[in-house]
S.K.: 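What follows is a structure written as structure tokens; I'll ask about it next.
The sequence lines fix the lettering, A, B, ..., with proteins before strands; numbering per chain opens at 1.
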Number of protein chains: 2
Amino acid sequence: MRIGELATSTETPVETIRYYERAGLLTASARSEGNYRIYGVAHRERLSFIRHCRSLDMTLEEIRALLRFRDAPEENCAGVNALLDEHIQHVSHRIGQLLTLEKQLKKLRAQCRKTEAAIHCGILAGLARAPDARKTGRGAHIAGAHRHAGAAR
Amino acid sequence: MRIGELATSTETPVETIRYYERAGLLTASARSEGNYRIYGVAHRERLSFIRHCRSLDMTLEEIRALLRFRDAPEENCAGVNALLDEHIQHVSHRIGQLLTLEKQLKKLRAQCRKTEAAIHCGILAGLARAPDARKTGRGAHIAGAHRHAGAAR
DNA sequence: CTTGAACCTTGTACTGACTACAGAGTCAAG
DNA sequence: CTTGACTCTGTAGTCAGTACAAGGTTCAAG
């Protein structure tokens with residue numbers, strides 16, 4: 001199958017598949033006469049694996065590690081467990097941070113319940129003060145609060 | 001004061017201050033004889049404001065909008081309220097997504113409680129299956145699960 | 001056989017919010 | 001005068017893609 005079919009059958013943009021190839025995650029086994037990438041069923045399974053991991057917010061680096069385990073079935077899966085445990089920790093940690101953040105934002109928002117001149121705005125005043133010592137976003141393995149729509153074209 | 005003092009007094013890396021200048025958030029008012037950036041107290045306050053907003057996971061674009069309100073005190077603060085409400089929504093939404101994600105990861109992890117050969121590993125098998133229809137990370141304004149340490153030097 | 005659409009190729013540049021240099025200039029202390 | 005800390009500009013890297021441009025290939029309809 002060519003890249004377009006692989007793309008639609010795994011709901012992955014074509015450009016992303018080529019990007020994964022550059023990133024060393026998924027290489028086409030051959031090229032056609034016209035220099036088109038040729039994929040088989042194993043490639044589709046591998047790509048599904050990658051996309052599932054991505055949907056679980058793993059980095060490509062983590063996925064690379066999992067693929068190494070997948071490609072070496074004689075190894076034991078202690079490494080898989082460890083990787084997953086670490087990833088779960090990151091996610092849990094980030095949830096805690098975002099909950100703290102949410103509380104802070106709501107507190108800030110409560111400082112301005114009605115429409116006033118900005119010069120008296122409690123929110124702007126609150127933001128002008130130095131931030132708390134506890135860091136909300138910085139230093140975490142789990143990412144911040146923004147992501148663009150992207151993905152679905 | 002020069003950039004180094006501004007940096008230490010706001011706990012902001014020097015490079016980040018210069019980056020904010022390029023991004024149009026904070027411009028030094030003058031240059032010294034030797035072409036060094038010169039800042040005053042107002043700059044420090046503005047930078048603290050920016051850093052506080054960043055610690056609340058706002059984007060630079062959102063901060064730019066807040067700075068416009070701050071710079072125009074005759075305007076009313078309805079826009080500030082709206083911006084903050086929207087940001088709170090994003091954060092809450094992302095928390096929900098991460099909680100779902102956490103549940104999925106723990107379920108996956110439970111499939112391999114003991115160390116076995118990777119070929120029998122339930123986790124690898126689980127990841128090979130197509131992901132659920134509900135998207136965890138994609139399409140959200142709130143970002144994914146990873147961020148490098150960075151920041152604190 | 002030709003035309004045109006649909007597909008594919010490589011390569012490059014862009015995103016956000018920085019971080020990390022290289023190579024040069026400035027300045028005060030010893 | 002030299003050393004070392006500081007600063008300057010400019011460029012490139014990070015992550016996981018996205019979005020082109022400019023061209024080549026394939027396939028079906030006319």
S.K.: Of the options dT9(D), dA17(C), dG17(D), whose atoms approach the side-chain atoms of Arg31(B) most closely?
M.R.: dT9(D)
S.K.: Can you pull every protein N or O that's under 3.5 Å from an N or O on nucleotides 24-27 of chain C?
M.R.:
| unit_1 | atom_1 | unit_2 | atom_2 | d |
| --- | --- | --- | --- | --- |
| dG25(C) | N2 | Tyr36(B) | OH | 2.7 |
| dT26(C) | O4' | Tyr36(B) | OH | 3.2 |
| dT26(C) | O2 | Tyr36(B) | OH | 3.3 |
| dC27(C) | OP1 | Gly34(B) | N | 3.4 |

S.K.: Report the C-alpha separation of His43(B) and Leu47(B) in whole Å, then their side-chain angles, then the decisive distance to 0.1 Å, and conclude whether the side-chain contact (heavy atoms from CB on, under 4.5 Å) test is met.
M.R.: CA-CA 6 Å; His43(B) 291 98; Leu47(B) 181 52; over 6 Å; no
S.K.: 5'-most contact on DNA chain C: Arg18(B) or Arg64(B), nearest heavy atom basis?
M.R.: Arg64(B)
S.K.: Expressed in angstrom and rounded to an integer, what is the separation of Glu21(B) atom CD from dT9(D) atom C1'?
M.R.: 11 Å
S.K.: I'd like to know if Arg51(B) and Glu11(B) make a salt bridge, using a cut-off of under 4.0 Å between side-chain N and carboxylate O.
M.R.: no
S.K.: Output the rounded distance in Å from CE (Met1(A)) to C1' (dT26(D)).
M.R.: 18 Å
S.K.: dT7(D) P sits how many Å from Glu5(B) CD, rounded?
M.R.: 9 Å
S.K.: Taking the minimum atom-to-atom distance to the side chain of Arg51(B), which one of dC18(C), dA20(C), dA16(D) wins?
M.R.: dC18(C)
S.K.: Kindly indicate, with the supporting measurements, whether the criterion side-chain contact (heavy atoms from CB on, under 4.5 Å) is fulfilled by Glu102(B) and Lys106(B).
M.R.: CA-CA 6 Å; Glu102(B) 188 184 33; Lys106(B) 284 182 173 168; 3.5 Å; yes
S.K.: Does any non-hydrogen side-chain atom of Tyr20(B) lie less than 4.5 Å from one of Arg22(B)?
M.R.: no
S.K.: Would you please confirm or rule out a distance under 4.0 Å between OP1 or OP2 of dT18(D) and any side-chain N or O of Thr16(A)?
M.R.: yes
S.K.: Between dT9(C) and Arg37(A), is there an OP1 or OP2 to side-chain N/O distance shorter than 4.0 Å?
M.R.: yes
S.K.: Which residues satisfy the side-chain contact (heavy atoms from CB on, under 4.5 Å) test with Thr8(B), sequence neighbours excluded?
M.R.: none
S.K.: Rounding to a whole Å, what distance do you find between Tyr39(B):OH and dC8(D):C1'?
M.R.: 12 Å
S.K.: How long is the line joining OH of Tyr19(A) and C1' of dG11(C), in whole Å?
M.R.: 16 Å
S.K.: Answer yes or no for Arg70(A) and Phe49(A): cation-pi contact, defined as NZ/CZ to six-membered ring centre under 6.0 Å and angle to ring axis within 45°.
M.R.: yes
S.K.: Just compare dT18(D), dT10(C), dT19(C) and give me whichever is closest to any side-chain atom of Pro13(B).
M.R.: dT19(C)
S.K.: Over how many whole Å does the gap from Ile50(A) atom CD1 to dG17(D) atom P extend?
M.R.: 10 Å
S.K.: Starting from the 5' end of DNA chain C, give me the residue, Tyr20(B) or Arg22(A), whose nearest nucleotide shows up first.
M.R.: Arg22(A)
S.K.: Answer with yes or no whether the side chains of Ser9(A) and Arg44(A) bring together a donor and an acceptor at under 3.5 Å.
M.R.: yes
S.K.: Take the protein atom CD1 of Ile3(A) and the nucleotide atom P of dT25(D), then report the distance between them rounded to whole Å.
M.R.: 17 Å
S.K.: Could you tell me how far apart Leu26(A) (CG) and dA16(D) (P) are, to the nearest whole angstrom?
M.R.: 16 Å
